[in-house]
Every structure is written in structure tokens, then in C-alpha cells.
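First up is the structure itself, then whatever we jot down about it.
Every chain is numbered from 1 and lettered A, B, ... according to where its sequence line falls, protein lines coming before strand lines.
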There are 2 protein chains.
Amino acid sequence: MSTHYKGTKEEVSALDCFIKLLRASESVNAAAVRQIQANGLTESQFGVLEALLHLGTLNQNQLAGKILKSGGNITLVIDNLLKHGLVVKEKRSDDRRCYWISLSGRGKELISRIFPEHVRIITERFAALDSEEQKQLALLCRKLGTANHNQEEEK
Amino acid sequence: MSTHYKGTKEEVSALDCFIKLLRASESVNAAAVRQIQANGLTESQFGVLEALLHLGTLNQNQLAGKILKSGGNITLVIDNLLKHGLVVKEKRSDDRRCYWISLSGRGKELISRIFPEHVRIITERFAALDSEEQKQLALLCRKLGTANHNQEEEK
DNA sequence: ATTAAATGCTTTAATATTAAACTATTTAAT
DNA sequence: ATTAAATAGTTTAATATTAAAGCATTTAAT
């Protein structure tokens, strides 16, 4: 995480790139998180509501995958959303190990109101890059993400 | 955070780019975190040790800035590093509000051993991009981060 | 010199997160 | 049909994180 490290050309380049990647994503994300918290939600709660809005009813396992959190954590996140009356949890009849999680009326109202604002904030931040640059950035990130994903699988 | 959102061209492009940026940095970071944890450190502890290795003695405030965590949190992180005998904490004589935090012998030995491996892991992941692509990615990220940084200041 | 504000750090309380052990249920193998 | 393995979710214990309030010290204003 430093620009002071003496290594090979490849290492210096990769490390430098990594730091800038982290900083950029942290920086944009910070703006998003501020808005999310201003609306009384945690990042995880927002992630769950957003997934339910755009993908419809899901079970907890699927939600855990979507927001990259552990199963145990999802139990608590859903629990808190239930307390706030933002989601509905129903035991499935066809597989009684699972629950259907979906948006309540209030939940749908909330996330439908917040999400466009969320998009606006992200879009504002990305205005620093023109359309072509965004396309390039997305491509490079995908290349990096995909390559890494494959490496995970190999193990 | 969805590819299902119907918005303007700008919004769809920004959102898509944002998701890929997040995924890419999460993906590379995950590999780094695995190694850090395998060595019995938390991400924050690693960040502090790394800062001390490359920047020398710092006070807690400076460390908080480096690893982007709250002051209260640094107190605990340093405390835990002290317990493991990896850092040294000395009250400054010229400003008795501050402490000098520096690496202990063991701490220096540990981070000096771990860091090159850390670099190797990052470099491996970034091998998915050639030198020119890395330069482009770094540039785009810097542009994004810098722009955002400015927006923070404005408020 | 005195006082007010700022700074550096700690403590506390609330919340989030994970890993691991656990229960209940379903699927697959024989 | 019985049993073993896999899957979905919960609980628990340990740790991390933050925000806010507090203490000690330094700096700046008068």
C-alpha cells in the first residue's frame, strides 16, 4: 500500500494501480454511503432492499451472495429490516428450509425513492470521466475482476 | 447497484462502471486480505504496520488518516499491536498530547517478511492487465478519485 | 497572563461482522 | 426405506467499527 516500495517494474506498477483503484472506489462509495446513512439505512440494508427491488423475491442465501456478506449476518440484516417493516419474510411451502424475502409496501416506497437519488450521486461523481473513459474503465475493471474470479475457482 | 435500472444513458453508464469498479477492487483486495489474516493480522493492523515500515515513526492521528479509520479505532488497533509486541508507543516530550508510534524489532521483522509477499499477490492479480492497461487504469482511477476529493473539499 | 478554542487521544455504548457450532429439512446413494 | 451428505437458516462468542462525550494539553486571541 505504499509508493515507497522498491520492487520490480511490474510490482511498482501493480501496487500503484491497486492503491489508486482502492482509493477511487472508496471515494465514490463514501458519497453513496453518506446518502444511505442519511436515510437511516446501513450499507447492507440498502444492498438487500436494492436487490429485492430489481430482482424481486429472493431467499436469504441469494441475498448473502448479492451483498457479499455471511449467512449469519444476513439473518441480522433481515431481522432489522423486519423490525422497520421494510421487508416481508414467508416460509416456503415447497422447501421448508427456505424463506421468501420480499419488499413490504413501505420498503418498496422507501427504496424506490432513495435509489434514483443514489444513481444521481454516483452519476455526478462519474461525470469526472467522459463516456469513452467510463467505457474503458469498466472494461479494465471487468478484465481484472474476471481474471481474479477465475483464479478463485482454480483452487 | 443493479444492471436492471432504467435511467438516462449517463446514469446507466456511471452505475455500470461503479459496480465493476467496486467488484474489481473487492476482488483484488480479497486476495490480499486472505494473506493478511493468514499471518494473524487484521486489515487495519497490516495497514498500520505497512505505514510505519514505509513512512517511519508517526502519531496516531496520522495513522488514522493513512488507513482511513476513526481515531477511536486507532486506539484499539495500536493497543492490540502493542499486546502482540509489534509496535512501540512513546509519549512525546515536545507535545504531551501525542505519542510516537513506531515498529518494534518483531514488528519490523514481521511486516518486512509479509509485505513482499503482499506485493507478489497483488502483482499476480494485476497480471491480467498489461503495462499499458495498468497505466490507463491508474490514470482513470486517479481522475475519479481526485475529482471526488475536490467535491468533498467544496462542502 | 487569562481565557477560549483547537488538538490528540481514550472511553463508552451501540451496532456490524464473521466463523463456527447448531437445528431443521431436503436430496442422493444404497 | 434407510442412511449420509448437503443445504438453509439461526445462534453464539469474539472482534471491529464508529460516533459522541470526555480529559489533558497546546495554541491563539485578547
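Look at dT27(D): its Watson-Crick or wobble partner, with both distances under 3.5 angstrom, is dA4(C). Nucleotide dA13(D) forms a Watson-Crick or G-U wobble pair with dT18(C), both donor-acceptor distances falling under 3.5 Å.
Under the 30°/60° scheme for interplanar angles, the aromatic rings of F46(B) and F115(B) are found to lie parallel.
Note on N73(A): every side-chain N or O is 4.0 Å or more away from OP1 and OP2 of dT15(C). Put simply, Q60(A) has a side-chain N or O that comes within less than 4.0 Å of OP1 or OP2 on dT10(D). Contact check, Q37(B) against dT18(C): no side-chain N or O comes under 4.0 Å of OP1 or OP2. The side chain of S44(A) contributes no N or O atom lying less than 4.0 Å from OP1 or OP2 of dA16(C).
Ranked by how close their nearest DNA chain C nucleotide is to the 5' end, T42(A) and D95(A) are led by T42(A). Heavy-atom distances to DNA chain D give each of G71(A) and I74(B) a nearest nucleotide, and the one nearer the 5′ end belongs to G71(A). A residue-by-residue look at N59(B) and G72(A) shows that N59(B) has its nearest nucleotide of DNA chain C further toward the 5' end.
Rounded to whole Å, atom P of dG8(C) lies 6 Å from atom CZ of R97(B). Across the protein-nucleic acid pair, L76(A) atom CG and dT15(C) atom P stand 10 Å apart, rounded to whole Å. Between E43(A) atom CD and dT17(D) atom P there is a gap of 14 Å when expressed in whole angstrom units. Spacing between atom NZ of K69(B) and atom C1' of dT15(D) amounts to 13 Å, rounded to whole angstrom units. With rounding to whole Å, L81(B) atom CG is found 14 Å from dT15(D) atom C1'. Atoms CD1 (I78(A)) and C1' (dT17(C)) sit 15 Å apart, rounded to a whole Å. Rounded to a whole Å, the CG atom of D79(A) is 13 Å from the P atom of dT12(D). The separation between L41(B) atom CG and dA16(D) atom C1' is 15 Å, rounded to whole Å.
Salt bridge status for R113(B) with E117(B): absent, with no side-chain N to carboxylate O gap under 4.0 Å. The existence of a salt bridge linking R120(B) and E124(B) is confirmed by a sub-4.0 Å separation between a basic side-chain nitrogen and an acidic carboxylate oxygen. Look at E109(A) and R106(A) and you find no salt bridge, because none of the NZ, NE, NH1 or NH2 atoms lies under 4.0 Å from a carboxylate O.
In this structure, I78(B) CD1 and Y99(B) OH are separated by 12.0 Å, a value rounded to the nearest 0.5 Å.
Using a 4.0 Å heavy-atom cutoff across all strands shown, N61(B) reaches sugar-phosphate atoms only and no base atom.
Around atom NZ of K108(A), no more than 12 heavy atoms belonging to other residues, nucleotides or ligands sit under 6.0 Å away.
Looking only at distances, no side-chain donor or acceptor of S13(A) sits under 3.5 Å from a matching main-chain atom of E10(A).
Interface remark: the R96(A) side chain does not form any donor-acceptor pair with the dT25(C) base, using a distance-only criterion of under 3.5 Å.
Of the residues in residues 86-94 of chain B, those placing a heavy atom less than 4.0 Å from an atom of DNA chain C are K89(B), in numerical order.
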Inset, instruction - Any chance you could lay out the side chain to side chain contact (heavy atoms under 4.5 Å, CB included) test for L21(B) and L144(B), step after step, and finish with the verdict? - result: CA-CA 11 Å; L21(B) 182 71; L144(B) 199 54; 3.9 Å; yes
